[in-house]
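Working notes, beginning with the structure itself.
Proteins come first, then strands; the chains are lettered A, B, ... in the order of their sequence lines, and each starts at number 1. Computed over heavy atoms, backbone and side chain alike; hydrogens, waters and symmetry mates excluded.
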Number of protein chains: 2
Amino acid sequence: MSVLKKSEGIPLYTQIRKSLRDDITKKVLAPGQKIPSEDELAAKFGVSRMTVRQGISDLIDEGLLYRRHGVGTFVAQPHFERDHSRLTSFVETAKEEGIDLSIRVLIADILPAKLKVAQSLSLEEGDLVVHVKTLRFITNLPITVHDTYVPYKLFPQLLQEDLESHHLWDILDSYGFRVKRAVQRLEAREADEEIARLLEMDEGLPILYKERTVYLDNGTPVEFTYCYNRGDRYSLTIVLNR
Amino acid sequence: MSVLKKSEGIPLYTQIRKSLRDDITKKVLAPGQKIPSEDELAAKFGVSRMTVRQGISDLIDEGLLYRRHGVGTFVAQPHFERDHSRLTSFVETAKEEGIDLSIRVLIADILPAKLKVAQSLSLEEGDLVVHVKTLRFITNLPITVHDTYVPYKLFPQLLQEDLESHHLWDILDSYGFRVKRAVQRLEAREADEEIARLLEMDEGLPILYKERTVYLDNGTPVEFTYCYNRGDRYSLTIVLNR
DNA sequence: TTAAATTCGCTGTATAGACGATTAATCGAC
DNA sequence: GTCGATTAATCGTCTATACAGCGAATTTAA
């Protein structure tokens, strides 16, 4: 029996969501199984039905549950990477999975934006941007080159931060900027001389090339990055919802 | 002044969402601008505040609006591909954007699943799968090879469908299966002899290689596809939300 | 026996109101 | 003038209830 704490600052629907999620991960509720009806859950938790629905809705968005109008709510079959559908930084993911990731800053400077960078960041060509070029290693093997651009006028102190151990988004968060969304464009390309040298591979071999623009919740672009990933060592998994 | 139709089977929150979306796209509500408070909108539309919130929530998920607790709800800065964050088939997208896409079916047969396909579709090795190999053209230039596998026991009649003009997901929809989610893994690879021949390119040039598993809302996998995209003609744009 | 109608359980939509939490603006004391 | 407290506006959470709409099971009728 789950009793909710009324007064801990934690919303009731959050507690309900947690309780249901626990039941699912602990297989108290098995895949395919019908969970109690919203009325029953409302009675069990001692809340109104709308509050139960709010808790359930989040789990449906996550793909843990699904509803059948007129029938009930069911536990979905677990599928790999069910939880990977949200935007997370590579650094966060690596930490969680115990991957030995290290970052070397190659360049950190301030310069006028070229056309493409300016357009991506909603700036004028020539506006100042902070530029950080990094090389990332996994278990000491070079894997990715990043060229990141951030509007100087938004973050003039950025270069004083420790960019090798803190992820950019965490730094932005600490400034109160809420990173919300990333648009990424992917291509397969041949490695040019510079990238091949940095990634210790032969020129012409395939590179997973990525252009990424990162936005705050109000739609302001705050980061534009070119990524060059070694094709034989890097794969990207993404999850899309309909 | 917007008056909602009470009795057309269209939920009020859907009508409110549409009204707000129209105001945004027609710039009646400009980016950055505060929209009327929930109480004002409730009064204007003649509905309760909860109904207004339901309409607004959808637009927030889409990134069209954002909320500031204690302050108000605002129109987000428009950003390119704001609307591309949902799972849509390439065919759907192409149609909307007027791209001249054609599909040629190279192989359509039924065979026992190999290990990887079986695992991806939650089958046993050797279980029958429907296999469809297609070559896709944009303005008559070959661009992509697809190897698609679907569990035979779920769709025994699939090969009787017109696979060149109807997208697989539309066919599944017509059977009542709700496609909900796709997990895709991307790599950059070199083209092997067969792919190079089909895509009319040189062996060894970069290919954007993609493995895709498609799930219904109940978590059942229904499609597994290997995609080989010509690196110089294909780029993939994805949007991630935090 | 089969087909149509009914019932029942459940989710979907909607209401009207209450109080809490956050933010920005205003006002007052020092 | 500056700082702090008050206030108003607004979103966040929650209630208790009502009826509509769907789907499956059951009952009824042909």
Run the salt-bridge test on A/Asp58 and A/Lys18 with the 4.0 Å N-O cut-off and return the result as yes or no.
no
Just wondering, are more than 12 heavy atoms of other shown residues or ligands nearer than 6.0 Å to NZ in B/Lys27?
no
What's touching nucleotides 6-12 of chain C from the protein side, N or O pairs under 3.5 Å?
| residue | atom | partner | partner atom | Å |
| --- | --- | --- | --- | --- |
| C/dG9 | N2 | A/Gly70 | O | 2.5 |
| C/dT11 | OP1 | A/Thr73 | N | 3.3 |
| C/dT11 | OP1 | A/Thr73 | OG1 | 3.1 |
| C/dT11 | OP2 | A/Glu38 | N | 2.9 |
| C/dT11 | O2 | A/His69 | NE2 | 3.2 |
| C/dG12 | OP2 | A/Arg53 | NH1 | 2.8 |
| C/dG12 | OP2 | A/Arg53 | NH2 | 3.1 |
| C/dG12 | OP2 | A/Arg67 | NE | 2.8 |
| C/dG12 | N7 | A/Arg49 | NH2 | 2.7 |
| C/dG12 | O6 | A/Arg49 | NH1 | 3.0 |

What is the distance from atom OH of B/Tyr149 to atom NZ of B/Lys116, rounded to the nearest 0.5 Å?
11.5 Å
Whole-Å distance between D/dG23 P and A/Phe74 CZ?
12 Å
Between D/dA18 (C1') and B/Met50 (CE): distance, integer Å
15 Å
Hey, is the side chain of B/Thr51 poking within less than 4.0 Å of OP1 or OP2 on C/dT13, counting only N and O atoms?
no
In whole Å, I'd like the distance from the CG atom of B/Leu41 to the C1' atom of C/dA16.
17 Å
Interatomic distance where CD1 belongs to A/Ile10 and P belongs to D/dT13 [whole Å]
13 Å
Using the test side-chain hydrogen bond (donor to acceptor under 3.5 Å, both in side chains), find all partners of B/Glu38 that sit at least two apart in sequence or belong to another chain.
B/Arg49, B/Arg53, B/Arg67
With a 4.5 Å heavy-atom cut-off, do B/Val130 and B/Leu154 have their side chains touching?
no
To the nearest angstrom, how far is A/Phe45 atom CZ from D/dT15 atom P?
12 Å
If the condition is side-chain hydrogen bond (donor to acceptor under 3.5 Å, both in side chains), which residues does B/Asp39 pass it with, not counting sequence neighbours?
none
Separation of D/dA16 C1' from A/Leu12 CG (nearest whole Å):
15 Å
